[in-house]
S.K.: 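Dropping the structure in here first, questions after.
Just so you know, these numbers come straight off a predicted model, no measurement behind them.
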There are 2 protein chains.
Amino acid sequence: MDRPGEDELIARYFAPLAGPAGLGLLDDAALLSPPAGCDLVLTADAVVAGSHFFPADPPTSIGRKALGVNLSDLAAKGADPLGFLLTLALPGGWTEAWLGAFCEGLGESASAHGCPLLGGDTVSTSGPLAISITALGAVPPGRMVRRTTARAGDLICVTGTIGDAALGLALSRPERPGWAGGLSAAQRDALVDRYRHPRPRTALAAALREGARAAMDVSDGLTGDLAKMLRAGDVGGVLDLDRVPLSEPARAAMAASDVLDLLVTGGDDYELLMAVPPERLPALAAAAARLGIPLATVGEVRAETGLRQLRGGFAHTAAPRSFSHF
Amino acid sequence: MDRPGEDELIARYFAPLAGPAGLGLLDDAALLSPPAGCDLVLTADAVVAGSHFFPADPPTSIGRKALGVNLSDLAAKGADPLGFLLTLALPGGWTEAWLGAFCEGLGESASAHGCPLLGGDTVSTSGPLAISITALGAVPPGRMVRRTTARAGDLICVTGTIGDAALGLALSRPERPGWAGGLSAAQRDALVDRYRHPRPRTALAAALREGARAAMDVSDGLTGDLAKMLRAGDVGGVLDLDRVPLSEPARAAMAASDVLDLLVTGGDDYELLMAVPPERLPALAAAAARLGIPLATVGEVRAETGLRQLRGGFAHTAAPRSFSHF
């Protein structure tokens, strides 16, 4: 196959995504002057074909997801994106059409969130396609929102709706789930779209810095991630499952079959999970409303360790589980 | 196999390598306060089993190489290391013994160069082991040494010796090269060691900022990388092959067979290639000598584009070639 070499590849597909700090991707490194006095927030997440997405997913979707999962981590720390570095391990059969579409998706996500490409590396692999991204963000000094700082009395809040991506993943598999028959084609498409396309909540980062005492993103399932956040703060909490925000397609699936445990333990939500002091909730809720980002209170942090789940007013005994991409 | 999950893995193997900015690897992101007023230098390089190292190489060597190739890029930009993020794609058969040794090698390199782990991600892959690292360094404002700024009249200098790693790679392959018989076992071991273990010249970074007008590291072969640096500066130059510094084992190989083209086109040297204004050479050479780093002048930048190679006073017609890891 007649394909461009690495330098040509960089010039044709990656350089157009580069910000000024990327120096046109013509040097060995990027050069970034961070905003004066800011702290840097750094995160790295990789996605691998077969684990985090399906090899046959549209390449634009793969590009959007690879960057989106990293932007979601920045948002959860209250950080404004500065840029990202990309390592792409391409399997033997790649085509320029595939790469062009991948970069289109990556570029869409990069410009929507003000997070230009700074540099990277392209390697070939005999294994599955793998994309590793390091994203950088900035926060005012001392203002990164930690995962470890939830305190008894804080309210537990989440953005958006929970569980859509888990249903979308189930719908993407060869075996049709029982509840799928209760959904319209448009509802099924909406769920698959949620699985493929994270909607990182970067717009809420500044308000989250003001409003949340602790935060993380929901990437491995709500109950598992919440248990992790509470454990990290050496506190416990109550999660009221009846208050977990569900989309209209997710409610349709619930009407067909009780998929609640799947909704709250499946991965790939990429919503924000926060511990919010009650007195700060009104301002945070107002900021979210202005941005059109749904915000729901789903529980409360307690001093006693452990996560208790309530459903219909009774204790729900399912153990908090995490979806493992590893 | 009974192996730890991702959280346990992080606590046991990676957290001991983390610097304060890594927050014990307990959060979603690292938090770095860059030195006040400095520019950040960022580079990302991945290594893949079968392309950049042999799957059966000692895991300590793989760990050292994965970080070393990134430290070499920082050194070539005159940057002092701040830390790194790691993405590790582990194939199914990994063992804790392997991972422990890998982290030992990674940690040796990290502490030798003052470059702690800041964060990362571990994923499983059905393909070969792949390690992607993003390294961050700092330079005083405006002082990153670019690849693009060589000027006619500058001297072309390199650190260390050239071509050892290319010979080491040849010796690591199943077919024994013809010249191998002319070498002692100790000489062969020294060459394989150079292939496995980059010696990033981070110690020279500060002097390079003062002394070099343009620089890059030699990772894909001297002639190809030099041609690239000259092209990037829209200049040309002369490379005197007789002045290319060779190690004693490389000279022994030369005595057995004319391997010069292999020496100057093979990859994995991880030495520094610089364009140095003549008046700045004495101070740079003195700094290198103080650090015990050999420095050789191998040619000169000319205004006319193109790289001319001389050997024994005559034009050497081999085209500048790059070793491709891609």
Side-chain angles (χ1 to χ4, degrees), chain A residues 5-7 9 21 23 26-34 36-37 39-48 50-52 73-74 76-77 79 83 85-87 89 91 118-128 130 132 134 136-137 139 141 144 146-148 216-217 228 232 324-326, chain B residues 5-7 9 21 23 26-34 36-37 39-48 50-52 73-74 76-77 79 83 85-87 89 91 118-128 130 132 134 136-137 139 141 144 146-148 216-217 228 232 324-326:
Chain A
E6 191 172 7
D7 290 343
L9 208 69
L23 306 174
L26 290 171
D27 215 306
D28 309 276
L31 177 63
L32 187 71
S33 305
D39 284 345
L40 281 179
V41 176
L42 300 143
T43 184
D45 262 320
V47 293
V48 180
S51 296
H52 301 81
D73 274 324
L74 290 184
K77 304 290 98 184
L85 293 96
L86 165 78
T87 301
L118 301 176
D121 193 16
T122 310
V123 295
S124 57
T125 178
S126 58
S132 172
T134 297
L136 289 85
V139 288
M144 186 177 104
R146 301 289 313 268
R147 183 198 283 178
T148 52
M216 65 186 294
D217 75 333
K228 194 181 275 191
S324 178
H325 293 102
F326 175 60
Chain B
E6 190 172 8
D7 290 343
L9 207 69
L23 306 173
L26 290 171
D27 215 306
D28 309 275
L31 177 63
L32 186 71
S33 305
D39 284 345
L40 282 179
V41 176
L42 300 142
T43 184
D45 261 319
V47 293
V48 180
S51 296
H52 301 80
D73 275 323
L74 290 183
K77 305 290 97 186
L85 293 97
L86 165 77
T87 300
L118 301 177
D121 193 15
T122 310
V123 294
S124 55
T125 177
S126 58
S132 172
T134 298
L136 288 85
V139 288
M144 184 176 105
R146 301 288 314 268
R147 182 198 284 178
T148 50
M216 65 186 293
D217 75 334
K228 195 181 275 192
S324 178
H325 293 103
F326 174 59

S.K.: Mind checking side-chain hydrogen bond (donor to acceptor under 3.5 Å, both in side chains) for Asp121(B) and listing every partner two or more places apart, or none if nothing turns up?
M.R.: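 Scan of Asp121(B) (side-chain hydrogen bond (donor to acceptor under 3.5 Å, both in side chains), adjacent residues dropped) gives none.
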S.K.: Which heavy atom in Val41(B) sits nearest to a heavy atom in Ala29(A), and how many Å separate them?
M.R.: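 Smallest interatomic distance, heavy atoms only, reads CG1-CB, 3.5 Å.
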S.K.: The criterion is salt bridge (charged side-chain N to carboxylate O under 4.0 Å, His left out); which residues satisfy it with Asp27(A), sequence neighbours excluded?
M.R.: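 Asp27(A): salt bridge (charged side-chain N to carboxylate O under 4.0 Å, His left out) contacts with Lys77(B), Arg146(B).
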S.K.: Strictly distance-based, threshold 3.5 Å: is any side-chain N or O of Thr43(B) a donor or acceptor partner for the main-chain N or O of Asp28(A)?
M.R.: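 Flag set: sc Thr43(B) to bb Asp28(A) pair under 3.5 Å.
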S.K.: Would you mind checking which part of Leu85(B) comes under 4.5 Å of any heavy atom in chain A, side chain (CB onward), backbone (N, CA, C, O), both or neither?
M.R.: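 The answer is the side chain of Leu85(B).
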S.K.: With chain A, which of Gly37(B), Ser126(B), Gly119(B) has the greatest number of heavy-atom pairs at distances under 4.5 Å?
M.R.: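 Between Gly37(B), Ser126(B), Gly119(B), the count favours Ser126(B).
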S.K.: Minimum heavy-atom separation for Ala79(A) and Val139(A), please, with both atom names.
M.R.: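 Between these two residues, the closest heavy atoms are CA-CG1, 3.5 Å.
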S.K.: With a 4.5 Å cut-off on heavy-atom pairs, point out which of Ser33(B), Ala46(B), Gly127(B) contacts chain A the most.
M.R.: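 Result: the option with the highest number of such pairs is Ala46(B).
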S.K.: With a 4.5 angstrom heavy-atom cut-off, which part of Leu31(B) approaches chain A: side chain, backbone, both or neither?
M.R.: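 For Leu31(B), backbone and side chain are both near chain A.
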S.K.: Given Leu40(B) and Leu40(A), is the side-chain contact (heavy atoms from CB on, under 4.5 Å) satisfied, shown in steps?
M.R.: CA-CA 11 Å; Leu40(B) 282 179; Leu40(A) 281 179; 3.0 Å; yes
S.K.: Report which part of Val48(B) has an atom under 4.5 Å of a heavy atom belonging to chain A: side chain, backbone, both, or neither.
M.R.: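 The side chain, not the backbone.
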S.K.: Go through the atoms of Leu136(B) and report whether side chain, backbone, both or neither lie under 4.5 Å from a heavy atom of chain A.
M.R.: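 When you check distances to chain A, only side chain atoms of Leu136(B) fall under 4.5 Å.
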S.K.: Select, from Pro128(A), Ala36(A), Gly120(A), the one with the greatest count of heavy-atom pairs under 4.5 Å involving chain B.
M.R.: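 Sorted descending by pairs with chain B, the first entry is Pro128(A).
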S.K.: So which of Leu74(B), Leu42(B), Asp7(B) has the largest heavy-atom pair count under 4.5 angstrom toward chain A?
M.R.: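 Winner by heavy-atom pair count: Leu42(B).
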S.K.: Below 4.5 Å from any heavy atom of chain A, which atoms of Ala130(B) appear? Answer side chain, backbone, both or neither.
M.R.: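 For Ala130(B), there is no contact with chain A at all, as no heavy atom is under 4.5 Å.
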S.K.: Show your working on side-chain contact (heavy atoms from CB on, under 4.5 Å) between Thr87(B) and Thr87(A) and close with a plain yes or no.
M.R.: CA-CA 10 Å; Thr87(B) 300; Thr87(A) 301; over 6 Å; no
